[in-house]
Structures are given as structure tokens and as C-alpha cells.
Amino acid sequence: MSTMVTIHPAPAGMQGAITLPGDKSISHRSVMFAAIAQGESHIRNCSGGGDNRSTIGAFRTLGVDITQSGTEVHVKGRGWSGLHPPPQTIDCGNSGTTMRLLSGLLAARPFLARLDGDESLRGRPMGRVIGPLTDMGADIVSESGGSRAPLQITGKPLHGICYRSAVASAQVKSAIVLAGLQASGTTTIWEPVRSRDHTERMLPSFGVHLDVRGTEISIAGGQELRAFDVEVPGDLSSAAFFMGAALIIPGSELHVRGVGLNPTRTGVLDVLRAMSGSITVQNLREMCGEPVGDLLVRPSPLHGIDMDGELVVRAIDEIPLVAVVAAFAKGTTTIRGAEELRVKESDRLHALAVTLSTLGARITELPDGLIIEGGHELHGGRVDSFGDHRIAMALSIAGLAGTGAVMIEKAESVGISFPNFYSLVRDLTGPTTTTGHA
Ligand code: S3P
């Protein structure tokens, strides 16, 4: 059953200190790399979101022994050759990262695997991984006859390729790296703009050697992984919603502790600061090869900005939040070069234009972005989250900062990345959220 959550304005703002669940991208990679490594790995602060549960479930289906206690995950890795033929379809749920990275990982395993997902995942483009993996010798068939899930992967011997990717996508890059590790020869990948680099940062800890030169990565085939214990930093993409609220609601003061600050992910900090947001970074440190820090966020008079290019790539998952913040800023915000948002968990450009205009925002949908004329009050209303976790969270912030209650349909979708989102909102803002059934 679909859940409707109502978010009421937060008159006293957002106050307090938070730590976030583990970063979703890093959690996926730590479970995957541990599963194909030799030996036992412990993962601390692993995200308990639906997407990461899909990855854990996928490796259990492949015969890997994974146990969980709260946010601690224990993986008994058995090396590449320890993966078993899956006795049933591998359910990737809503998770593009699970399906795309697994495609590369399974392309050279000597068995047949069928990968499927929910309706949203079945609608997302898989040709971007099928193409290069097929060039490497993989046998991947889309049952729909096009390039969408369900996918049937029959493991084959692979050979290295040189691949120039048209999209800046960490999922594509990581899928090719995972295939390249099992291929003969060397695999080289170029991307137009550097996408998140968690794969490149984490693999050396698992004993893998790769060469990274700017936006080019080379990897020699025939490499084994060995176990490593990972501590996952807090998820900046989840923190962003709270940061946005604290910037636009008077009276707020928000401390965010232990959050990942990898430069390929901090576009949202740059955007919010360029809008004149007061965000201070404190205690910058390193955790498992990833920069981590604490943030102090205070309300600020914001103005609109223009964003495109590299900044869009570095803030790709935070654009729903940026759109809401822009509606509260003075002047116009223009987001261009963001056509990738059309193939996320929902068509996010369309979802944002429809929902925010229902709430009174002046927003224009472009083929590759949005124009938002800020400074017009957002009122309450009933809106569809399109079953997309980041749209549901962005609309929640609109509800906290606006003048009337926002009723969000399919609000349970937040569980994909942030199961305790609404309770954390309540902790920081008071009794602003109520739950019902749509
Ligand atoms: C992710 C990469 C990005 C991002 C997604 C997570 C990853 O997707 O939007 O939420 O963990 O590799 P693309 O690779 O499609 O850009």
C-alpha cells in the first residue's frame, strides 16, 4: 500500500546535530568488493536503504554468506570463483547501481544470471553498459529485445578494450572496471567529466592496482581482491536535504557530523555556497580513502545561480533539493546540461516541474534542465513523489519551508536511500510530519 506523508511548515526551523546513514554509493561498492574478495570483510555504517539491501540480496543469491547486525555487515568473500550460479532471478529492486555494476561483475562468471528490477528500473537505459561489455566479449541479452531489464547474462571470457564513454557515469565506469579486472589484457576508460570516483578510491584497499590519470582509468586484467574492513562515511546526498532546509528556514542551526566530502560529490556544497549559503566545513579528515568532515549550516539570504557542465555531474543526485532551494531564493536559477535526470529513478526534470508548480513555484521545464524564478511563496498541496526517494525528500523540504501542509504520495519511497528520514525530520523540527495511507 502506498503511504501518504503530510509535512507541515516548521516555524522554529531545523535545529540540532545529525549523523547520516552510510553513503549509498560507497556501501554498494564495499559489499560488492568484499563479496568477490578472498577472506572476511567487516563494513561499518553500511546504509540500510532499500538499494543497498538489493545489493546484499543479490550476493546472497550468488551464494555469498553475508550477515548483518544493525549497520554492521559481515561478508565472507570467496573470490571471483566462489560465486555460485544464481538459482533464481537476481532482484535489483529499484537500484540502477546494483544492476549496472553487477552486469560488469557477472559478465565473465561462467554461468547464466538473470537480472530484473521494479517498474522504474525496467524503464532505465541499460544499453550504456551492454554496449561496452559486449565489445569486451560479453553475452548480455535484454528480454525486451531493446536495452532494458530483465537482462540475461551468460558469462564469457572477456578481453580488454579502450572505451570512450559518452556519459559521465560512475555506474558505467565501475561496470567496465569490474569486467576489466576479469578480462585478458588492459582496459582503458575515458569519461567526458569525472564522475564519482569511489570505485577507484576503494579498489586499491582491496589489493587492486589501477592507474588513474584525470578522466582516464586503466586496469590490468586477471586481478584478485583480498578482504578489507570498510567504514562508510555519512551520505552527503542525504545530508543535502537537511542542509537545504537549514539554509531557507529562519531560526535554523544545523550541525552535520561525519559526512563524506569527496570532491566528485561536493557539487551541492559549491552550488549552495554560490547561492550565498552559509556552510562551514570543520574537522576535515580521511576515512578509508575518502575525505570526511563536519558541517555547520545557518540560514542565509540566497540568490539564484546558473549551473551546468561539471557542476551538474558533481551535484547530479542533489538537483531535486537545489530546485526547491532555488524556489526560495531571490532571482532566477537556471539548470542546464542535466538531461541525465530524465533517466533516474523517475524523470526528475518532469517530476520537479509538475510538483513544484502545484505548490506555487514558477518553474519551467527545459529539455535538459529547469528555470526556477525564486521568491514566490510555496503553499501547501497534494503532490506525487513519482515513487522516487529524492523527489519525496525534496518535496518534504518544500513542506517544511512553505506556508501550508504538503501531502506527499508514495512517501515510503524515501526508504530506498534513507529509511529514517521522516523521524529525523521530526527530531529536528518538532511535530511537522504525519503519516496516513493513500
Ligand atoms: C551512482 C552513480 C550515479 C548516481 C547514482 C549512484 C553510483 O548514477 O546518480 O545515484 O553509485 O555509481 P550514474 O552513474 O547513472 O550517473
Side-chain angles (χ1 to χ4, degrees), residues 21-33 46-47 49-52 54-55 58 92-105 117 120-121 123-132 147-149 163 165-178 189 191-203 215 217 230 232-233 235-241 260 262 264-268 290 309-322 337-349 368 388-391 393-394 413-414 416-418:
D23 184 90
K24 180 160 82 72
S25 293
I26 299 175
S27 298
H28 279 302
R29 287 159 173 79
S30 51
V31 170
M32 290 187 182
F33 300 166
C46 190
S47 165
D51 273 6
N52 294 106
S54 293
T55 287
C92 301
N94 190 244
S95 176
T97 309
T98 308
M99 185 169 281
R100 295 198 177 110
L101 269 62
L102 265 184
S103 299
L105 192 151
S120 154
L121 189 53
R124 297 181 66 185
M126 292 299 144
R128 53 182 60 192
V129 288
I130 297 174
S147 61
R148 317 253 149 176
Y163 187 70
S165 180
V167 278
S169 161
Q171 294 176 358
V172 172
K173 170 173 67 177
S174 304
I176 301 171
V177 166
L178 285 165
I189 310 148
E191 45 181 355
V193 171
R194 188 164 201 184
S195 62
R196 63 191 65 194
D197 64 356
H198 306 300
T199 295
E200 301 91 297
R201 283 176 184 261
M202 193 184 292
L203 276 176
T215 54
I217 300 170
V230 180
V232 182
D235 197 328
L236 180 62
S237 297
S238 299
F241 296 100
N262 179 316
T264 60
R265 295 284 298 281
T266 49
V268 66
E290 294 277 348
E310 193 230 3
L311 202 46
V312 166
V313 174
R314 291 176 53 243
I316 192 72
D317 289 343
E318 292 71 60
I319 287 175
L321 177 273
V322 170
E339 57 278 349
E340 271 294 300
L341 290 188
R342 295 210 180 272
V343 292
K344 293 292 179 189
E345 288 83 328
S346 69
D347 175 343
R348 289 183 175 159
L349 296 179
D368 68 338
D388 182 330
H389 57 132
R390 300 204 200 277
I391 299 297
M393 290 188 276
S413 57
V414 303
I416 285 298
S417 59
F418 203 163

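Whatever order the structure lists them in is the order used to number ligands and atoms, beginning at 1. Values in this document were obtained by computation on a predicted structure and should not be read as measured data.
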Ligand 1 and Glu340, any nitrogen or oxygen pair closer than 3.5 angstrom? no

How many angstroms lie between atom OG of Ser417 and atom NE2 of His389, to the nearest 0.5 angstrom? 4.5 Å

Nearest non-hydrogen protein atom, atom 11 (O) of ligand 1: Ser25 OG, 2.7 Å

Looking only at protein heavy atoms, identify the closest one to atom 14 (O) of ligand 1 and say how far it is in Å. Ser169 OG, 2.6 Å

Do you know the tightest heavy-atom contact between Arg128 and Tyr163? O-OH, 4.5 Å

Could you name the option among Ile316, Thr97, Asp23 that has the heavy atom nearest to atom 6 (C) of ligand 1? Thr97

Do Ser169 and Ser195 have side-chain N/O donor and acceptor atoms under 3.5 Å apart? no

Does ligand 1 have an atom that lies less than 4.0 angstrom from a heavy atom of Arg196? yes

I need the atoms of ligand 1 closer than 4.0 Å to a non-hydrogen atom of Asp317, numbered in the order shown. 4 (C), 5 (C), 9 (O), 10 (O)

Quick one: closest heavy-atom pair of Ala338 and Ile319, and the distance? CB-CD1, 4.3 Å

Under-4.0 Å salt bridge between Asp23 and Arg265: yes

How close does the nearest protein non-hydrogen atom get to atom 15 (O) of ligand 1, and which residue and atom is it? Lys344 NZ, 3.4 Å

Say whether Ser174 and Arg100, considering side chains only, have a donor N or O and an acceptor N or O under 3.5 Å apart. no

Could you tell me whether Val172 and ligand 1 have an N or O pair separated by under 3.5 Å? no

Closest non-hydrogen protein atom to atom 12 (O) of ligand 1, residue and atom name please, with distance? Arg29 NH2, 2.6 Å

Any idea which protein heavy atom is nearest atom 1 (C) of ligand 1, and the distance to it? Gln171 NE2, 3.5 Å

Could you tell me which non-hydrogen atom of Arg196 sits nearest to which non-hydrogen atom of Lys173, and how far apart they are? O-NZ, 3.1 Å

